[in-house]
Amino acid sequence: MAKNAACKAYYETSYESAGFKAQRRYPNEELMRFMGRTYSSVPVADRKNIRILEVGCGSGGNLWSIAREGFDAYGIDLSSAGIEICEQMLESWGTKASLQAGDMSNLPYESGYFDAVVDVFSSYCLPEKDFVRYIDEVERVLKPGGKYFSYTPSKNSDVLKLAPSSEKIDESTLTGIHRDTAPFYGNFYPFRFTAPDEYERYIANAGQPFC
Ligand SMILES: C[S@@+](CC[C@H](N)C(=O)[O-])C[C@H]1O[C@@H](n2cnc3c(N)ncnc32)[C@H](O)[C@@H]1O
């Protein structure tokens with residue numbers, strides 16, 4: 001099966017069948033904390049000069065709030081159905097963003113373009129090998145001193161700990177969530193878990209470390 005095919009098929013079907021209801025309508029709380037910590041002192045009038053990319057923006061439940069706070073918002077998602085819903089979500093909140101269907105491990109943006117890249121429960125869809133490439137891409141598209149936020153499944157999760165090794169693509173990635181009592185059961189595409197110290201190492205190994 002081609003790279004990302006199972007994940008793409010899962011999300012295309014999900015967005016086509018559930019529309020707005022496929023994902024969140026209101027933004028992730030930790031993302032909002034990051035935004036507050038990083039940018040609350042920036043006057044609203046200056047925020048249009050701050051470019052923020054959400055990778056795996058899905059139906060736009062986070063992106064509209066970034067745009068509504070006055071930032072120059074960008075979103076990319078593997079699913080073109082997701083991007084269509086995202087467009088409608090942004091419109092429903094009276095906001096705009098630059099959207100594109102594409103793969104976060106091969107970002108279609110020039111180097112040093114973004115002030116921040118944010119990931120809310122999306123880069124976990126990449127097995128380790130693709131995740132390393134994705135982190136290099138994040139490093140490439142960020143300006144020097146740019147910021148990165150990621151909200152992603154933890155290696156402490158029983159979902160990983162209780163899975164048999166036959167269900168693993170690599171040490172951190174399951175082929176999908178097959179145990180029927182596990183949260184996210186039915187997500188039959190690569191699903192990766194990361195420990196905080198591992199995440200720090202991935203970032204430290206990127207060309208120019210960022211945080
Ligand atoms: C669980 S959803 C989260 C959506 C959104 N971030 C949110 O919080 O509502 C995961 C999203 O990641 C997207 N995705 C998965 N792999 C991707 C990839 N390689 N490149 C871009 N998007 C990807 C999926 O299509 C899906 O929309």
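All heavy atoms count here, side chains included; hydrogens, waters and symmetry mates do not. As the structure lists them, so they are numbered: ligands from 1, and atoms in each ligand from 1.
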Original post:
Do any N or O atoms from the side chain of Asp46 and from the backbone of Val42 form a donor-acceptor pair under 3.5 angstrom?
Top reply: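 No; zero donor-acceptor contacts below 3.5 Å.
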Distances under 3.5 Å, N/O of ligand 1 against N/O of the protein: list each pair and its distance.
unit_1: ligand 1; atom_1: 6 (N); unit_2: Glu54; atom_2: OE2; d: 3.0
unit_1: ligand 1; atom_1: 6 (N); unit_2: Gly56; atom_2: O; d: 2.8
unit_1: ligand 1; atom_1: 6 (N); unit_2: Val120; atom_2: O; d: 2.9
unit_1: ligand 1; atom_1: 6 (N); unit_2: Ser122; atom_2: OG; d: 3.4
unit_1: ligand 1; atom_1: 8 (O); unit_2: Arg24; atom_2: NE; d: 2.9
unit_1: ligand 1; atom_1: 8 (O); unit_2: Asn62; atom_2: ND2; d: 3.0
unit_1: ligand 1; atom_1: 9 (O); unit_2: Arg24; atom_2: NE; d: 3.4
unit_1: ligand 1; atom_1: 12 (O); unit_2: Ser122; atom_2: OG; d: 3.3
unit_1: ligand 1; atom_1: 19 (N); unit_2: Asp103; atom_2: OD1; d: 2.9
unit_1: ligand 1; atom_1: 20 (N); unit_2: Met104; atom_2: N; d: 2.8
unit_1: ligand 1; atom_1: 22 (N); unit_2: Leu78; atom_2: N; d: 3.1
unit_1: ligand 1; atom_1: 25 (O); unit_2: Asp77; atom_2: OD1; d: 2.6
unit_1: ligand 1; atom_1: 27 (O); unit_2: Tyr15; atom_2: OH; d: 2.6
unit_1: ligand 1; atom_1: 27 (O); unit_2: Asp77; atom_2: OD1; d: 3.3
unit_1: ligand 1; atom_1: 27 (O); unit_2: Asp77; atom_2: OD2; d: 2.7

Subject >> Worked verdict on Tyr10 versus Phe188 for ring-ring contact (aromatic ring centres under 6.0 Å, His included) >> reply: CA-CA 8 Å; Tyr10 176 94; Phe188 299 137; 8.2 Å; no
Original post:
Can you say whether the rings of Tyr113 and Tyr74 are parallel (under 30°), tilted (30 to 60°) or perpendicular (over 60°)?
Top reply: perpendicular
Original post:
About how many Å separate CD1 of Ile85 and CG of Asp77, when rounded to the nearest 0.5 Å?
Top reply: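 Rounded to the nearest 0.5 Å, the CG-CD1 separation comes out at 11.0 Å.
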Subject >> Pairwise side-chain hydrogen bond (donor to acceptor under 3.5 Å, both in side chains) hits with a residue in residues 160-170, at least two apart >> reply: Asp170-Thr173
Subject >> Over all atoms of both residues, closest heavy-atom pair of Gly75 and Tyr109 >> reply: O-OH, 4.0 Å
